[in-house]
Amino acid sequence: MIHAVLIFNTSGVARLTKFYTPLHQSSQTLVQKIFSLIHSRPAGLCNFLDAPELEAFLGPKDEVGERWQVVYRNYATLYFVFIVDGAESELGILDLIQVLVECLDRAFENVCELDLVFHFDEVHHILAEIIQGGLVLETNVEEIDASGM
Amino acid sequence: MATSMRGLTQFIADIRGARVRDLEEKRINKEMANIRKKFKDGNLDGYQKKKYVAKIIFTYILGYKVDVGHMEAVNLISSSKYSEKQIGYLAVTLLMHENSDFLRLVVNSIRKDLDGNNEIDNCLALHAIANVGGSEMAEALAEDVHRLLISPTSQTFVKKKAALTLLRLYRKHPDVIPATEWALRIVSIMDDPDLGVVICVTSLVMALAQDNLDAYAVCYTKAVDRLNRLVIEHEYAATYAYYKVPSPWLQVKLLRLLQYYPPSEDPSIRSVLHQVLQTIMNNSAESSRNVQHNNAQHAVLFEAIGLAIHLDTASPLVGTAAVLLARFISSKETNVRYLGLDTMAHLAARAESLEPIKRHQSTIILSLRDKDISVRRRALDLLYSMCDVDNSELIVGELLRYLKVADYALREEMVLKIAILTENAAGDHVGDEVWYRVVQIVTNTEDLQEYAAKVIFEHLKAPSTHESLVKVGGYILGEYGHLIANEPGYSPMEQFQVLHTKSQFCVASTRSLLLSTYIKWVNVFPEIKPQLLNIFERYRHVLDAELQQRACEFYALASRPDDDELLQNVCEEMPPFPPRVSALLGRLNMKHGDTEDKRTWIHGGKEANLDRDAIKRKAEGNSAVAGQLGNQDIMGSLAGLEISPSSPEVASLSPELPSFQPASDKAPRLTTGPNVDRWFDKLTYTAEGVLYEDDQLQIGVKSRYQGHLGQLAVYIGNKVSAPLTSFTTTIHISDPDALSVTFAKMPPSIVGPRTQTQQLLHVECKKMFSTPPILSVSYLAGSHQTIALRLPIVITKFFEHVKLGQADFFERWKLIGGPPREDQAIFPIDLNSAGQLDLAKHKQVVSGHRLNLLDDIDPNPNNLVAAGVLHMSVEGKVGCLLRLEPNREAKLCRLTLRSTSETVATEVRKLVQQPLKAES
């Protein structure tokens, strides 16, 4: 399951936060935590990160091998970050991030950070057409574009 | 929309303009105060409410706490204007969570939107439930959501959302979803032509199937069929290709779903699945320059490898996979290295032989020094899983060397793993579980005791030792010190001195353990008794109550005469610990919540996975047991070692595990009808004919048998002018050990209007059986229909003729003798229209049951005598003799069967009697 979708910029300012699992602590602290984890990683490392640190926010992962995982991708000034559990394919999530970005790009014609700020409601609606309740709803860019009003 | 609200745009611009955080906060506080006032004054129109709620949402997204606007959001939801409703729903899904009290206020509005005819409203409502729905909403709304999912009039975009919403409700409150009852209907949607719907419903099925494997078993065929259509037939809407890969998400989901089931026994399904996996692996050979294409292809590939490992670790497919993985772990791309190591750990956790992996041991060890911590973690997991007797020294050595330089975050996990691997280590960061485990192993392994005592003694000689080591030393030397006491350098006195010098640096609990060691020594080492008594005597005056009490008791005990039996009994050597879940593994495998998809494997070797499967199976029988195992007190696993009372035995707590449901309970309910039984009975003694017919469907059967094998062709005709979609046929066999019935190839999922589909079944009789297999046919034609029919496969189908003369026949007849190997019945029969015995029919029935009619044996021409041999591949051949004696005057008939097997005699008698007996 996808537990959270976060978009923040390279200075760590959140542009979208969507949680599908209730948080135990403030979302801002979580964003800061993840930002510090990711921002320190040089380019060329993989897009996946085990994050036992997140247990404080999202609850413990009990079973062996089960872990909170951060899958992220950097586009220009923005980080797109998904927090997922072991039921998701890591690469599948990377693909999904690409789908999200392509959809935003269609909706805003060359999406930039400002679009996410001023059209936050629309961004949420687009996200809602891709993910619902933490699960993949639709992956077809045409379809998402069409339902995104 | 945000753009149409000038006030909101201005607000956002102001905040962006704020140079420092203080100014931003000031602006927000001002705005919130304003909004609070406006809300308090009331009298706002829809537009104003929408605007203010939008500002509140924006503030919330920035990370500020907001405590106003919930009520207004609730109001907006029931607005008739879409733009207002939408903002209302957005606010509810962002500002509230499943336990918010405000949600009670929206349940009715949500229900209204759910039940309305406006599909956009349906979707908004579904989306809200899927995001914030808890158990209350589940109770109130599950039925409505389910209705939207299965309604033939629901648009695809509604169905998709309804499927995921239902899944959410199931996760929150499984009891409100009749998962078994809805199974076939829900699984049938996996055949939907829209791949978006299929993705969503597969997610739903995956969750439901994990808890109801049998009820959802049909989804296995559906998943394989869909993979076949995607990967091999390339049958999908072009828009669902993602960088030329047909919906990788759906492929991954289907491949994962299949890992929740044991491998299929059905040869046709296996062969299709094999082709699919093979094709996926071949596809990955052509690497492309496009990053997205590669990503998508690898996503599918890694899941396919996972499934191949699950199906059969020894298959050639897995051989191919191992070669691919070896290439991946030294790939230039970090993502691929990462996933390569992860998947290799899966292979190591399941494989019979670790050889293919060990070949790459040096590459893997090198990965411990990868520049990326994520990769280093996966390397650690893999080394843990691939460690066995041969390479343990090397791997543990490498791990220990790496421990010194390892990231802080990795150390604890590493130590735990090293400890398990060596089951002998005690270093820093070691918890109590580790030394308990060490003690447990030493106690239970006799060969190890002497060795362990020596090693521990040597370690204790080091100037600084870890407390855990002292505890282990105290325990081991107390129990097994006497085994080494005769060897030079290990004398009782030396053991005592080494251990006791550590005592002063230890905490009270360790010291009290050492006292226990000493009292054991009093028994086995009389030569140092004075020194020991001296220590007890001193500890009698310490302040710590526990220590003091022990010292007093031990002092009294040790002061008793030397030949006292009490001391000897108390200090008897510890019996081995009962076999129980190791505390360490217990901590690693702690119980997992029901609310998420379960893992299909864990790190560790093959045994670890087998153990886990066994525990899981038990847990399925009784979830209370799972709790017991999962939360088992670590002390409980060491009954008798420490002061704490030993926890009751886990096994005795668990009530008898309910054995798996009797097969008949799981059998589908048979379709009834005026002719259903008659059609079946007729087919028991004929090779072809009609099995079923109604307004929509006609089902016919043709069969051919030889020995214990047979072929059955089932013809299913669609009589209406619309296609039957999501067409599913399954066979239910009550005793699979006795009878096997399999499809020659995968059945189609659609039957066109006014067309017929033929399905060939292979039949094999292995042992005697009396319950015919059941064919279930289900399909969508407006609503969902299910028909369950007995297939005319009965034991007499497997008879072969045998020719006997009069003398032979009577000799055998007598040899078999009367009951219990004889079965006889007298029953009424109908005469034909002329008032005569229907001899032709009698002959037809008996010979139709494949018994050889023998002439000239019975002097009465009306009587029938027949013989046959039953062929079974496992139980071999069984002979059977029949005699039928009709009586016209009495309208009665006597039927006698004799066979070397009682059950065969009874069963054949029933089968032959059924079509002969009078109809009224």
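Just so we're on the same page: letters track the sequence lines, and every chain starts at 1. Bear in mind that the values here come from a model prediction, so they are computed numbers and not experimental data. These numbers come from the heavy atoms of this one structure, side chains and all, not from hydrogens, waters or symmetry mates.
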Given heavy-atom pairs under 4.5 angstrom as the criterion, report whether the side chain, backbone, both or neither of [X] touches chain B.
{"X": "Glu102(A)", "result": "side chain"}
{"X": "Gln132(A)", "result": "both"}
{"X": "Leu23(A)", "result": "neither"}
{"X": "Ile131(A)", "result": "backbone"}

How about [X] and [Y]: does a side-chain donor come under 3.5 Å of a side-chain acceptor?
{"X": "Asn140(A)", "Y": "Thr239(B)", "value": "yes"}
{"X": "Gln98(A)", "Y": "Tyr75(A)", "value": "yes"}
{"X": "Tyr338(B)", "Y": "Arg377(B)", "value": "no"}
{"X": "Glu303(B)", "Y": "Gln259(B)", "value": "yes"}
{"X": "His39(A)", "Y": "Tyr79(A)", "value": "yes"}
{"X": "His127(B)", "Y": "Asn131(B)", "value": "yes"}

Between [Y] and [X], is there a salt bridge with N-O shorter than 4.0 Å?
{"X": "Asp372(B)", "Y": "Arg41(A)", "value": "yes"}
{"X": "Arg378(B)", "Y": "Asp50(A)", "value": "yes"}
{"X": "Asp370(B)", "Y": "Arg376(B)", "value": "no"}
{"X": "Arg106(A)", "Y": "Glu142(A)", "value": "yes"}

**OP:** Check step by step if side chain to side chain contact (heavy atoms under 4.5 Å, CB included) holds for Ser203(B) and Lys253(B).
**Re:** CA-CA 7 Å; Ser203(B) 295; Lys253(B) 262 217 149 67; 2.9 Å; yes

With a 4.5 Å cut-off on heavy-atom pairs, point out which of [options] contacts chain A the most.
{"options": "Ile15(B), Val300(B), Asp342(B)", "answer": "Asp342(B)"}
{"options": "Ser247(B), Ala163(B), Ala13(B)", "answer": "Ala13(B)"}
{"options": "His97(B), Arg16(B), Glu333(B)", "answer": "Arg16(B)"}

**OP:** Output every pair passing salt bridge (Lys or Arg N to Asp or Glu O under 4.0 Å) with a member in residues 12-26 of chain A, not counting sequence neighbours, ordered by first then second residue.
**Re:** Arg15(A)-Glu113(A)

Contacting region of [X] [heavy-atom separation from chain A under 4.5 Å]:
{"X": "Ile129(B)", "value": "neither"}
{"X": "Tyr242(B)", "value": "side chain"}
{"X": "Leu250(B)", "value": "neither"}
{"X": "Thr93(B)", "value": "both"}
{"X": "Tyr243(B)", "value": "side chain"}
{"X": "Tyr60(B)", "value": "neither"}
{"X": "Glu98(B)", "value": "side chain"}
{"X": "Lys161(B)", "value": "both"}
{"X": "Ile61(B)", "value": "both"}
{"X": "Leu90(B)", "value": "side chain"}
{"X": "Arg337(B)", "value": "neither"}

Against chain B, work out which of [options] has the most heavy-atom pairs shorter than 4.5 Å and name it.
{"options": "Thr17(A), Val13(A), Val31(A), Leu49(A)", "value": "Leu49(A)"}
{"options": "Leu114(A), Leu16(A), Asn47(A), Val99(A)", "value": "Asn47(A)"}
{"options": "Gly134(A), Ser27(A), Ala128(A)", "value": "Ala128(A)"}

Original post:
Are Leu6(A) and Ile34(A) close enough that some pair of their side-chain heavy atoms sits under 4.5 Å apart?
Top reply: yes

